[in-house]
Amino acid sequence: MLYDIQQIRADFPILSRTVYGKSLVYFDNGATTQKPRQVVEAITDEYYNTNANVHRGVHFLSQQATELHEASRETVRKFINARSTNEIVFTRGTTESINLFVSSFGEEFMQEGDEVIVSVMEHHSNIVPWQLLAAKRGIAIKVIPMNNRGELLMDEYRRLFSERTKVVSVTHVSNVLGTVNPVRELIDYAHSQGVPVLIDGAQSIPHMPVDVQQLDADFYVFSAHKIYGPTGVGVLYGKEEWLDKLPPYQGGGEMIQHVSFEKTTFNELPFKFEAGTPDYIGTTGLAKALDYVSSIGMENIAAYEHELTQYALRRLKEIPGMCIFGEAQERGSVISFLVGDIHHFDMGTLLDRLGIAVRTGHHCAQPLMIRLGIEGTVRASFGLYNTKEEVDVLVSGIERVRKMFL
Ligand code: PMP
């Protein structure tokens, strides 16, 4: 299939705007992605024509809204190749998915002295919920170290297991280093020890085909807004046999079967974990976004972004004083860097004046910054609509900033 970049860019109206009189170069896709017309129009259309609360009404609109919402669940199921829609829980995003998991799994399966294994390159959202559980329950957090290229040390990983290891929770792709972790290998080893694994897919779902059955992940979480969908909605995938065993996370409407003051029974999967009115408009937007990337093809997106990232790495390395953090063999389309002793914040602010949106700071991964011995980086992260010409604009922008600091 021909990757029609001009057509793709035309689907994202925001890409043709200017900032400070310069053409926008949007390289902050790791934080959030822009939305194609198809997604925005589907959201508008539902508000205009089909809006009603789901799962409740006998009336026409409510039934139509419910059908749309449940069709979106099926779209997600198909996209990640889950066995059943019972395994697709809608949440507010990756962060809520992880908090739900930690809270429910911790309550049911973890006692004082039990252990979770995470990696040194986790986002705060896969660290702090475990720390909250540690404060409540006295569990211990063990950390997989990495080498200087940003690759996890697999021997060390295996050595971290003990009889107290109850769960492994690791990111698929680092939002700072771009490292694609060998999750299948991590999962296989954990399973050989009888331990389930949660994969944080926030940075993998937009960039590569993901098949949860092939990965054999017990849980996989992601946010819609990082894959060209709306904010405020996300997914917790869990194997049905696991979700069945977990207690509800929040109480309220939708998640119950029958309520009395004496005894309440809970709804079946996946509704047991979906208290309150769901973001049914958001799930429509998410499904449209998944349809959109599927129409281009995740393999095609992965190949296009790989070539773009390789080009960017080559060009950036030509800049004197360039230091790139993350040189893993397997890497995604995130590039973190510093140039000489120019502060990341100065670099980001000056690039912004040239119309280039990059991220600066610790990227919600302060333990990783400590490991790297730095305070923060500049991060350029690419999406399916970015181009080599935009990379050239970034490279000449960095050159300009560098010369100002000479
Ligand atoms: N994990 C990773 C690896 C991320 O990159 C992010 C977002 N930067 C998150 C979790 C949190 O995602 P959200 O803010 O959408 O909940």
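All ligand and atom numbering here is 1-based and tracks the order in the structure. Worth saying up front: this structure is predicted, and the values here are computed from it rather than measured.
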Review point. If you count the non-hydrogen atoms of other residues, nucleotides and ligands that lie under 6.0 Å from CD in E163, is the total more than 12?
Key: no
Exercise for review: Run the ring-centre check on Y385 versus Y228 and record whether the distance is less than 6.0 Å.
Suggested key: yes
Check your understanding: Can you find an N or O of K226 that's nearer than 3.5 Å to an N or O of ligand 1?
Key -> yes
**Study point:** Sub-4.0 Å heavy-atom contact, H225 with ligand 1
**Key:** yes
Exercise for review: Please work out which of the three classes, parallel, tilted or perpendicular, describes the rings of F12 and Y292, given edges at 30° and 60°.
Suggested key: perpendicular
Review point. Taking the six-membered ring for Trp, is the centroid-to-centroid distance between F325 and F337 below 6.0 Å?
Key: no
Practice item. Specify whether W242 and F219 have parallel, tilted or perpendicular ring planes, treating 30° as the upper limit for parallel and 60° as the lower limit for perpendicular. Key: tilted
**Study point:** N or O pair under 3.5 Å between E96 and ligand 1
**Key:** no
Exercise for review: Please work out whether any backbone atom (N, CA, C, O) or any side-chain heavy atom from C-beta onward of T95 is under 4.0 Å from ligand 1, and answer side chain, backbone, both or neither.
Suggested key: both
Practice item. Answer yes or no for C364: is there a heavy-atom contact with ligand 1 below 4.0 Å? Key: no
Review point. For atom 3 (C) of ligand 1, what is the nearest protein heavy atom, given as residue, atom name and distance?
Key: D200 OD2, 3.4 Å
**Study point:** Side chain, backbone, both or neither: the part of T94 lying under 4.0 Å from ligand 1 by heavy atom
**Key:** both
